[in-house]
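A, B, ... follow the sequence lines: proteins, then strands. Residue 1 opens every chain.
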Amino acid sequence: MSGEVPGVDPDAVARPEFLPDPALSRAEMESLQRELAATATFADAHALDPAAVAIDEPADLTDGPPDARQGSLPGTHAEGDDTDDCDAPVVVGVDQAFLTPDDGEDEAVSAAVAIRGGDVIECASAVTPLRVPYVPGLLAFREGEPMLAALDALDADPDLLVCDGSGRIHFREAGIATHVGVLLDVPSVGVAKNLLCGEPDEPTDERPEGWRTPVRADGSVETAGTRSTADADDATVIGHAFQSRQYPNSRRVNPLYVSPGHRVSAETAVGLVDALCARYKLPEPTRLADAHADDAKRGIDPKRERD
DNA sequence: GCGACAG
DNA sequence: ATCTTGTCGC
């Protein structure tokens with residue numbers, strides 16, 4: 001057979017883990033995730049040193065969104081910035097906003113913001129149609145393609161990706177951070193605001209800033225390597241609960257759930273996120289990507305011509 | 001059968 | 001994720 005095979009796109013075959021095909025059964029998608037997890041590396045192979053990407057001063061979002069510095073800055077150097085960061089690692093944060101027109105045709109507005117040496121060096125965004133609904137555990141099939149679209153639109157080459165959502169903290173150890181990391185073969189970490197699965201070693205309520213505790217695989221997690229022992233103490237650590245932000249007196253900020261996406265260990269993943277947090281709950285890369293996605297969304301005419 | 005679940 | 005102003009607290 002030659003030529004077009006109905007429903008089969010060569011690119012999609014090369015990366016089946018992102019086929020937003022409504023015809024794919026849940027079991028097929030889960031099967032793809034098991035294959036993908038087997039390909040992932042949850043260890044520090046070529047991992048970054050948290051100290052190399054540390055950000056101490058948060059970007060100011062009040063005077064103009066991050067895309068005010070869209071693209072590469074031609075010849076402009078931040079005032080008094082004599083540090084040479086051109087060889088510092090490039091950390092890229094990705095996040096999405098959504099459009100829900102009256103006709104029900106959803107679209108994702110994805111944004112990618114590249115940071116190097118604590119400075120925003122580039123912003124990019126993309127609008128992508130969404131063809132499958134959100135299903136817990138299968139988020140990557142809905143939002144993976146939009147994320148890749150934003151990364152495609154970015155000129156910078158990421159040394160680390162910071163994704164919104166889980167990585168290894170996932171039923172089949174294949175959260176969206178793992179999907180994207182494996183596909184691009186770039187180190188990645190997942191940062192979620194809610195715990196999908198797994199069990200924190202300690203209760204996470206009312207913890208001081210900087211606090212963290214391991215999240216281990218529970219009965220709902222299919223771990224690749226380790227046999228699940230009856231005692232949960234040596235169950236695989238799939239991520240961490242991390243209190244990135246807390247107020248001195250009233251403690252009610254929820255922790256972040258950080259997990260390896262690809263080519264990073266659980267320990268290094270939290271260390272990196274810790275280093276990337278400035279004065280806010282979310283690490284700078286995701287905070288900026290979040291702002292840029294909202295901004296790009298606002299710039300879209302609700303009644304424009306869509307495809 | 002019941003529960004439980006990123007964005 | 002999204003629909004949304006003010007508001008309580010540091």
Side-chain angles (χ1 to χ4, degrees), chain A residues 18 20 26 29-30 33 36-37 93-111 125 127-150 161-181 188-200 204 206 208-209 215 217-222 238-242 245-261 269 273 279-283 286-287 289-298 300 302:
Chain A
F18 284 111
R26 181 185 182 116
M29 291 189 276
E30 293 179 347
Q33 291 187 316
L36 189 118
V94 259
D95 193 27
Q96 350 233 32
F98 298 86
L99 293 171
T100 308
D102 43 37
D103 59 10
E105 294 296 308
D106 292 7
E107 290 178 303
V109 180
S110 48
S125 63
V127 178
T128 311
L130 295 168
R131 303 176 59 186
V132 300
Y134 162 68
V135 175
L138 300 177
L139 177 66
F141 289 91
R142 176 177 173 80
E143 300 185 11
E145 199 154 75
M147 265 194 194
L148 291 175
L161 293 175
V162 181
C163 307
D164 58 312
S166 290
R168 194 180 187 182
I169 294 182
H170 181 275
F171 308 123
R172 293 163 293 282
E173 301 187 304
I176 192 164
T178 304
H179 276 250
V180 176
S188 65
V189 300
V191 178
K193 300 179 206 66
N194 293 287
L195 188 59
L196 175 61
C197 58
E199 186 67 30
T204 62
E206 307 190 348
E209 199 166 298
V215 171
D218 60 7
S220 69
V221 181
E222 305 173 15
I238 54 179
H240 288 83
F242 171 56
R245 180 64 168 158
Q246 191 55 278
Y247 298 113
N249 300 317
S250 79
R251 32 203 55 198
R252 37 176 184 167
V253 178
N254 296 127
L256 250 29
Y257 296 94
V258 182
S259 58
V273 170
R279 300 165 66 191
Y280 297 86
K281 171 176 176 172
L282 294 176
T286 53
R287 210 187 121 242
D290 184 75
H292 189 246
D294 283 339
D295 205 59
K297 176 182 176 178
R298 262 178 288 175
I300 293 175

Checklist entry - Should A:Glu206 and A:Arg252 count as an ion pair when the cut-off is N to O under 4.0 Å? => result no
Next on the checklist: Tell me the interatomic distance from A:Tyr134, atom OH, to C:dT2, atom P, rounded to whole angstroms.
Outcome noted: 14 Å
Item to check | Heavy-atom pair of closest approach, residues A:Pro136 and A:Phe171 | outcome: O-CE1, 4.2 Å
Checklist entry - Would you find a donor on one side and an acceptor on the other, under 3.5 Å apart, between the side chain of A:Ser188 and the backbone of A:Ala177? => result yes
Next on the checklist: So which atom in A:Tyr257 and which in A:Ala241 form the shortest heavy-atom distance, rounded to 0.1 Å?
Outcome noted: CE2-CB, 3.8 Å
Next on the checklist: Between A:Lys281 and A:Asn254 (side chain of the first, backbone of the second, donor and acceptor by atom type, cut-off under 3.5 Å), is there such a pair?
Outcome noted: yes
Next on the checklist: Does a side-chain N or O of A:Lys193 approach OP1 or OP2 of C:dA1 to a distance below 4.0 Å, or not?
Outcome noted: yes
Checklist outcome for this item: Taken to the nearest whole Å, CD/A:Gln246 to C1'/C:dG9 is 13 Å
Next on the checklist: Distance to the ring centre below 6.0 angstrom and angle to the axis at most 45 degrees; does that hold for A:Arg287 and A:Tyr280?
Outcome noted: yes
Checklist entry - Does DNA chain B take part in any stems of at least 3 consecutive Watson-Crick or G-U pairs (both distances under 3.5 Å), and if so, which ones? => result none
Item to check | Span of DNA chain B, from the first to the last nucleotide whose atoms fall under 4.0 Å of chain A heavy atoms | outcome: B:dC5 to B:dG7
Checklist entry - Hey, which of these two, A:Tyr247 or A:Glu143, hits DNA chain C nearer its 5' end, going by closest nucleotide? => result A:Glu143
Checklist entry - Can you name the nearest heavy-atom pair linking A:Ile238 to A:Ile169, along with the distance? => result O-CG1, 3.5 Å
Checklist entry - With sugar-phosphate meaning primed atoms plus P, OP1 and OP2, does A:Ile176 contact a base, only sugar-phosphate, or nothing at under 4.0 Å between heavy atoms? => result base
Checklist entry - With Watson-Crick and G-U wobble geometry limited to distances under 3.5 Å, how should the secondary structure of DNA chain C be encoded in dot-bracket form, using | for bases paired to another strand and [ ] for crossing pairs? => result ..........
Checklist entry - For the residue pair A:Glu143 and A:Asp164, what are the closest heavy atoms and their distance? => result OE1-OD2, 4.4 Å
Checklist entry - A:Tyr257 near the nucleic acid: base, sugar-phosphate alone, or nothing, with a heavy-atom cut-off under 4.0 Å? => result nothing
Item to check | Sugar-phosphate only, base, or nothing, as touched by A:Leu130 at under 4.0 Å among non-hydrogen atoms | outcome: nothing
Checklist entry - If you take all heavy atoms of A:Gln96 and A:Pro146, which pair is closest and at what distance? => result OE1-CB, 3.5 Å
Item to check | Touch class at under 4.0 angstrom, heavy-atom based, for A:Ala108 against every strand present | outcome: nothing
Checklist entry - Under 3.5 Å, is there a donor-acceptor pair between the side chain of A:His240 and the main chain of A:Phe242? => result no
Next on the checklist: By the 4.0 Å heavy-atom rule, please label A:Thr100 as base, sugar-phosphate, or nothing.
Outcome noted: nothing
Checklist outcome for this item: So OG1 of A:Thr128 and CE of A:Met147: to nearest 0.5 Å the spacing works out to 11.5 Å
Checklist entry - Base, sugar-phosphate alone, or nothing: which one does A:Phe98 contact when heavy atoms must sit under 4.0 Å apart? => result sugar-phosphate
